[in-house]
Amino acid sequence: MEVKELLAQHEAKMDKTIEALKRELTSIRTGRASTSLLDRVMVDYYGTPTPVNQVANVSAPEPRMLTIVPWEVKMLGEIEKAILKSDLGLNPNNDGKMIRLEIPQLTEERRKELSKKVSKVAEDSKVVVRNIRRDANELIKKMEKKKEISEDDSKEGQENIQKLTDKKIKAIDEIKAKKEKEVMAV
């Protein structure tokens, strides 16, 4: 394996980490209704944990409301329980045919809480990126030790991994800043 291949593989892993961060952040509530809010809420569908959006139509008819219309009426109770168990802090309103979720205005305290959660999720992603860097550096050092690459190639490879890591961490910081701004907006 060449250093370039190794860099490409580890860059792909870092990109997947950033995509996972973006998915995670979509489930953190802002003041507006978004169907992605329920992406991580799992409902028991015939013994299998299934995302709500795979057992019902989820829509945002108003800026501060979500409606959930299950494909099977008997799923209403299960969906309601799953939403109550989630950490979204929302109270479902079940009328026997659909569930309405009113998105309340966020309090200052809740905004700060959510901002801290955003920071924690972003920090966890940075740790994953740094671990990927460490793994790549270890592989490069092993390749150098086995005389598969020269000392210069090893140093250059490690420098390139560091540059890549810095770039990805900067991207994570930008995503975090954007989400925090979104959360703190009144």
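Count residues from 1 along the sequence. Only this structure's heavy atoms are used, side chains among them; waters, hydrogens and symmetry mates stay out.
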**Request:** Would you check, one step at a time, whether the test side chain to side chain contact (heavy atoms under 4.5 Å, CB included) holds for Ile68 with Asn57?
**Result:** CA-CA 6 Å; Ile68 305 161; Asn57 285 330; over 6 Å; no
List the residues meeting side-chain contact (heavy atoms from CB on, under 4.5 Å) with [X], not counting sequence neighbours, and say none if there are none.
X      : answer
Lys145 : none
Val128 : Thr17, Ile132
Lys155 : Glu151
Asn131 : Val127, Arg134

**Request:** Would you kindly say whether Tyr45 and Gln54 are connected by a side-chain donor-acceptor distance under 3.5 Å?
**Result:**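 No, Gln54 and Tyr45 have no side-chain donor paired with an acceptor closer than 3.5 Å.
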Please give me the minimum heavy-atom distance between [X] and [Y], naming the atom from each residue.
X      : Y      : answer
Gly96  : Leu76  : O-CD1, 3.1 Å
His10  : Ile161 : CB-CD1, 4.3 Å
Pro51  : Met42  : N-SD, 3.4 Å
Ala56  : Pro70  : CB-CA, 3.4 Å
Ile140 : Ile149 : O-CD1, 3.7 Å
Ile79  : Val43  : N-CG2, 3.6 Å

Just so I know, are the side chains of [X] and [Y] near enough to count as touching, which here means a heavy-atom distance under 4.5 Å?
X      : Y      : value
Leu21  : Leu25  : yes
Glu174 : Lys170 : yes
Lys163 : Gln158 : no
Glu2   : Met143 : no
Leu38  : Val41  : yes

**Asked** Given a cutoff of under 4.5 Å between side-chain heavy atoms of I, L, V, M, F, W and Y, with clusters grown through shared members, what are the other residues clustered with Met98?
**Response**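 So far as hydrophobic clustering goes, Met98 is joined with Val69.
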My understanding is that only residues two or more places apart in sequence, or in another chain, count here; which of them pass salt bridge (Lys or Arg N to Asp or Glu O under 4.0 Å) with [X]?
X      : answer
Asp15  : Lys168
Asp152 : none
Glu78  : Lys81
Glu109 : none

**Check ion pair Glu138-Lys141 (N to O, under 4.0 angstrom)** =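 Judged by the 4.0 Å cut-off on N to carboxylate O distance, Glu138 and Lys141 do not form a salt bridge.
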**Item:** Salt bridge flag under 4.0 Å for residues Lys179 and Glu182
**Value:**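 Yes, Lys179 and Glu182 are salt-bridged.
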**Item:** Worked verdict on Leu66 versus Arg100 for side chain to side chain contact (heavy atoms under 4.5 Å, CB included)
**Value:** CA-CA 6 Å; Leu66 288 176; Arg100 287 184 180 82; over 6 Å; no
**Request:** For Thr67, check side-chain hydrogen bond (donor to acceptor under 3.5 Å, both in side chains) against everything at least two apart and list the hits.
**Result:**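 Result, side-chain hydrogen bond (donor to acceptor under 3.5 Å, both in side chains) vs Thr67: Ser59.
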**Message:** According to side-chain hydrogen bond (donor to acceptor under 3.5 Å, both in side chains), who are the partners of Asn94, at least two apart in sequence or on a separate chain?
**Reply:**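 For Asn94, the residues satisfying side-chain hydrogen bond (donor to acceptor under 3.5 Å, both in side chains) (neighbours in sequence not counted) are Glu80.
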**Request:** Determine, step by step, whether Lys142 and Glu148 satisfy the salt bridge (Lys or Arg N to Asp or Glu O under 4.0 Å) criterion, reporting the C-alpha distance in whole Å, the side-chain angles of both residues, the deciding distance to 0.1 Å, and the verdict.
**Result:** CA-CA 9 Å; Lys142 281 181 186 172; Glu148 293 174 14; over 6 Å; no
Nearest-0.5 Å distance, [atom1] of residue [X] to [atom2] of residue [Y]:
X      : Y      : atom1 : atom2 : value
Ile172 : Lys176 : CD1   : NZ    : 10.5 Å
Gln162 : Leu164 : CD    : CG    : 9.5 Å
Met75  : Ile99  : CE    : CD1   : 9.5 Å
Asn160 : Asp153 : CG    : CG    : 10.5 Å
Arg64  : Ile103 : CZ    : CD1   : 8.0 Å
Leu101 : Met65  : CG    : CE    : 9.0 Å

**Request:** Test Val129 against Ile169 for side chain to side chain contact (heavy atoms under 4.5 Å, CB included), laying out the working first.
**Result:** CA-CA 7 Å; Val129 167; Ile169 285 183; 4.2 Å; yes
**Message:** Tell me if a side-chain donor or acceptor on Arg133 pairs with a main-chain N or O of Thr165 at a distance below 3.5 Å.
**Reply:**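 Looks like no, no N/O pair under 3.5 Å.
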**Prompt:** Is there a donor-acceptor contact under 3.5 Å from the side chain of Ser115 to the main chain of Glu113?
**Reply:**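 Pair absent, no side-chain N/O of Ser115 close to backbone of Glu113.
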**Prompt:** Is Val73 reachable from Val58 through a run of I, L, V, M, F, W or Y residues, each pair having side-chain heavy atoms under 4.5 Å apart?
**Reply:**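 In one cluster: yes.
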**Request:** Quick one: which residue pairs count as a side-chain hydrogen bond (donor to acceptor under 3.5 Å, both in side chains) with a foot in residues 116-126, not counting sequence neighbours?
**Result:**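 Only Asp87-Lys117, Ser119-Glu180, Lys120-Asp124, Glu123-Arg130, Lys126-Asp173 qualify under side-chain hydrogen bond (donor to acceptor under 3.5 Å, both in side chains).
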**Prompt:** Hey, mind stepping through Tyr46 and Glu72 against side chain to side chain contact (heavy atoms under 4.5 Å, CB included) and telling me if it holds?
**Reply:** CA-CA 12 Å; Tyr46 296 107; Glu72 298 176 32; 2.9 Å; yes
